[in-house]
Amino acid sequence: MSTEELAELLDVDPSTIRRWRTVPPLQGPPFIQISDRVVKYATADVERWLSARRVHPRAA
């Protein structure tokens, strides 16, 4: 998926996604650098990244 598609999925601005992958400390899901201007995200990587951030509230 593209930066814009990932941003839409996460309900953030595309500039946030770009910042995650360029400003230390690097954040966000793994990405694939196709060229200097083209970056893609594999759906499986995004799903794993989201799953790793899942928070399970304690039972009260």
Side-chain angles (χ1 to χ4, degrees):
M1 67 180 68
S2 68
T3 297
E4 291 73 18
E5 290 168 327
L6 179 59
E8 185 175 331
L9 174 72
L10 299 178
D11 196 26
V12 298
D13 194 89
S15 65
T16 299
I17 305 297
R18 289 185 198 96
R19 185 175 64 250
W20 285 351
R21 71 172 182 257
T22 59
V23 178
L26 299 182
Q27 305 174 57
F31 57 91
I32 303 161
Q33 187 82 45
I34 305 295
S35 70
D36 288 343
R37 300 187 74 182
V38 178
V39 174
K40 296 293 182 178
Y41 295 86
T43 303
D45 287 340
V46 171
E47 290 172 353
R48 271 191 298 278
W49 179 77
L50 286 171
S51 291
R53 279 142 190 81
R54 183 178 299 228
V55 176
H56 297 278
R58 293 183 188 187

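Because the structure is a prediction, the values reported are computed rather than measured.
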Exercise. For E8, does the CD atom sit with more than 12 other heavy atoms under 6.0 Å from it, leaving out its own atoms?
Worked result: no

Exercise. How many angstroms lie between CZ in R18 and CG in D13, if you round to the nearest 0.5 Å?
Worked result: 7.5 Å

Seminar exercise, completed: Between the CD atom in Q27 and the OG1 atom in T22, the distance rounded to the nearest 0.5 Å is 10.0 Å

Exercise. Same cluster for V39 and L26 if Ile/Leu/Val/Met/Phe/Trp/Tyr side chains link at under 4.5 Å?
Worked result: no

Where [X] and [Y] come nearest, the two heavy atoms and their spacing:
X   : Y   : value
I34 : K40 : CG1-CG, 3.9 Å
M1  : T43 : CE-OG1, 3.9 Å
D45 : P29 : O-CB, 4.3 Å

For this session: Report the C-alpha distance between L50 and L10 in whole Å, list the side-chain angles of each, state the deciding distance to 0.1 Å, and finish with yes or no for side chain to side chain contact (heavy atoms under 4.5 Å, CB included).
Result: CA-CA 10 Å; L50 286 171; L10 299 178; 3.7 Å; yes

Exercise. With P14, which of E4, E5, R19 fulfils side-chain contact (heavy atoms from CB on, under 4.5 Å)?
Worked result: E4

Problem set entry | From F31, W20, Y41, residue fulfilling ring pair (Phe, Tyr, Trp, His ring centres under 6.0 Å) relative to W49 | W20

